[in-house]
Amino acid sequence: MYSVIFCMTEFSLGMILPSRSALITGITGQDGSTLASLLLDKGYKVFGLRPYASVDDTKNLISILDDIILIDGDVTDTSNLTRILERTKPDEIYNLAAMTHVGVSFSMPEATCNINAQGVVRLLEAMRTVGIDKSARFYQASSSEMFGNAPAPQSEETPFAPCSPYGCSKLYAYWMVRTYRQAYGMHASNGILFNHEGPHRGAEFVTRKVTRALGEFLSGRKEPLPLGNLEARRDWGHAHDYMRGAWMMLQQERADDYVLATGQTRSVREFVNAAFSLAGFALVWEGQGTHEVARDAISGQVMVRVDEALFRPLEIDQLKGDSSKARSILGWEPEISFEAMVEDMVLADAPSLLNKKRYA
Ligand code: G4F
């Protein structure tokens with residue numbers, strides 16, 4: 001499946017460019033791959049920046065590998081970015097490259113800031129150096145993690161209060177984008193996206209961790225799934241809706257900052273219950289705190305256990321977004337419900353359920 005990977009070095013980009021082109025940093029991730037498909041459908045020429053990896057990291061791109069142009073590149077290297085922009089001269093740049101795991105950012109805060117915070121400065125400066133700062137439009141993947149524990153619902157007007165190295169790095173980038181917009185008149189927008197999920201979600205995030213484990217239970221897994229804080233509440237939407245919103249931001253005459261969110265919030269426990277019930281498991285929760293477990297009501301098998309090691313040094317208790325601005329100005333709204341998102345993920349990780357009558 002991976003045999004025809006069209007990967008170019010920055011020195012071999014001598015092609016004729018079509019009328020609209022986009023460069024996506026972080027193209028191998030959930031959002032990058034989702035956005036790439038969306039842009040291809042709209043007729044874009046899509047360049048994807050791909051950091052060096054000793055293992056194949058293109059599994060999310062399998063269906064579009066022949067249609068995109070992957071370029072070896074990294075937001076931690078300014079000269080490399082400058083040469084890539086010089087050769088591709090994209091009309092739109094989507095900066096999705098990031099160290100995205102909030103928990104991991106506590107154990108590698110410097111690396112997180114180098115990629116997430118300094119990375120955006122390098123890209124914005126490279127745009128200026130190459131002289132595309134007035135012609136190209138720029139999207140920055142900002143995050144609801146910047147709100148920390150600010151009172152919900154959080155909107156563009158809510159004061160930021162990040163409580164993780166990840167949140168701090170994203171806030172730095174957010175302000176840099178605003179600063180470059182104001183100082184140099186760049187068309188640079190921040191999409192402040194609340195949690196968004198889907199079958200391409202990395203296995204280290206809680207939703208995918210749950211749906212993957214569910215698939216394994218259906219294939220005979222015996223050991224319980226360890227999880228951290230079950231009470232944390234998130235505003236979960238589908239990545240497809242959110243990438244559509246990111247594209248809409250760059251189609252506006254004026255650059256601006258927008259929250260994308262569903263406005264509904266659910267706990268990690270509710271997500272687990274919703275996913276497992278799709279496979280016919282009714283979980284019964286027993287015990288308290290770090291001794292809590294969830295058993296299947298019929299077989300009595302312990303399927304989830306709380307693991308203290310998975311709790312974070314600081315936690316956001318609740319995220320719930322107010323996306324009124326995006327809804328009124330962009331005309332954006334989420335089209336995929338929470339239930340449909342969970343089902344999409346569960347069916348991707350447990351395809352045997354497709355044959356069950358429930359999904360007919
Ligand atoms: O799935 P998560 O790791 O996502 P988190 O931390 O909310 O961050 C995601 O959304 C942000 C937008 O607000 C993005 F900026 C960020 O890049 C990322 O995409 O954790 C969700 C919740 C947390 O409260 C976490 O403590 O689930 C809790 N949780 C409980 N057990 C767990 C686990 N999280 C993970 N990753 N793994 C667990 O076992």
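Every number for a ligand or one of its atoms is a count from 1 in the order of the listing. We're numbering straight along the sequence, starting at 1.
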Give the atom numbers and elements of ligand 1 that come within less than 4.0 Å of a heavy atom of Ser144. 12 (C), 13 (O)

For ligand 1, which is the ligand I care about here, please tell me if Trp236 has any N or O atom under 3.5 Å from one of the ligand's N or O atoms. no

Does the ring centre of Phe138 sit less than 6.0 Å away from the ring centre of His187? no

Going by the 4.0 angstrom heavy-atom rule, the piece of Phe311 near ligand 1 is neither

Under 4.0 Å from one or more heavy atoms of Ser143, ligand 1 contributes atoms 11 (C), 12 (C), 13 (O), 14 (C), 15 (F)

Measure the spacing between OG of Ser323 and CD1 of Ile329 and express it to the nearest 0.5 Å. 12.0 Å

State whether the shortest distance between N or O atoms of Val206 and N or O atoms of ligand 1 falls below 3.5 angstrom. yes

With heavy-atom distances below 4.0 Å as the criterion, list the atoms of ligand 1 near Lys209. 38 (C), 39 (O)

Under 4.0 Å from a heavy atom of Leu310: which atoms of ligand 1 are those, numbered in the order shown and with their elements? 39 (O)

Counting heavy atoms under 4.0 Å, the part of Arg234 that contacts ligand 1 is side chain

Under a 4.0 Å heavy-atom limit, does Gln30 contact ligand 1 with its side chain, its backbone, both, or neither? neither

Using the six-membered ring wherever Trp is involved, compare the ring planes of Tyr139 and Tyr94 and label them parallel, tilted or perpendicular (cut-offs 30° and 60°). tilted

With heavy atoms and a 4.0 Å threshold, my read on which part of Thr100 contacts ligand 1 is both

Check: Trp236 and Phe194 side chains under 4.5 Å, non-hydrogen atoms: no

Consider side-chain contact (heavy atoms from CB on, under 4.5 Å). Of Val272, Val306, Val293, which one does Trp285 pass it with? Val272

Roughly how far, to the nearest 0.5 Å, is the NZ atom of Lys222 from the CD atom of Glu216? 12.5 Å

Tell me, which pairs form a salt bridge (Lys or Arg N to Asp or Glu O under 4.0 Å) where one or both residues lie in residues 295-316, sequence neighbours left out? Arg234-Glu315, Glu286-Arg295, Arg305-Asp307

among protein heavy atoms, the one nearest atom 10 (O) of ligand 1 is Asn195 ND2, 3.1 Å

What protein heavy atom lies closest to atom 36 (N) of ligand 1? Include the residue and the distance to one decimal. Glu204 O, 2.9 Å

Here the atoms of ligand 1 under 4.0 Å from any heavy atom belonging to Glu315 are 23 (C), 24 (O), 25 (C), 26 (O)

Numbering as shown, the atoms of ligand 1 that approach Glu145 to under 4.0 Å (heavy-atom distance): 13 (O)

Establish, yes or no, whether a centroid distance under 6.0 Å links the rings of Trp332 and Tyr242. yes

Salt bridge flag under 4.0 Å for residues Arg122 and Asp77: no

At a non-hydrogen distance cut-off of under 4.0 Å, which region of Arg312 contacts ligand 1 (side chain, backbone, both, or neither)? side chain

Please, which pairs that meet salt bridge (Lys or Arg N to Asp or Glu O under 4.0 Å) have at least one residue in residues 150-179, sequence neighbours excluded? Arg178-Asp257

Which heavy atom in Cys163 sits nearest to a heavy atom in Gly148, and how many Å separate them? SG-CA, 4.1 Å

Which atoms of ligand 1 have any heavy atom of Leu319 under 4.0 Å away? 13 (O)

Is it true that His101 lies under 4.0 Å from ligand 1, counting heavy atoms only? yes

Which ligand 1 atoms are under 4.0 Å away from a heavy-atom of Arg201? 9 (C), 18 (C), 19 (O)

Is any N or O atom of Gly228, backbone or side chain, closer than 3.5 Å to an N or O atom of ligand 1? yes

Could you tell me if the side chain of Glu343 sits less than 4.5 Å from the side chain of Glu339, heavy atoms only? no

Atom 8 (O) of ligand 1: nearest protein contact (heavy atom, Å): Val102 CG2, 3.6 Å

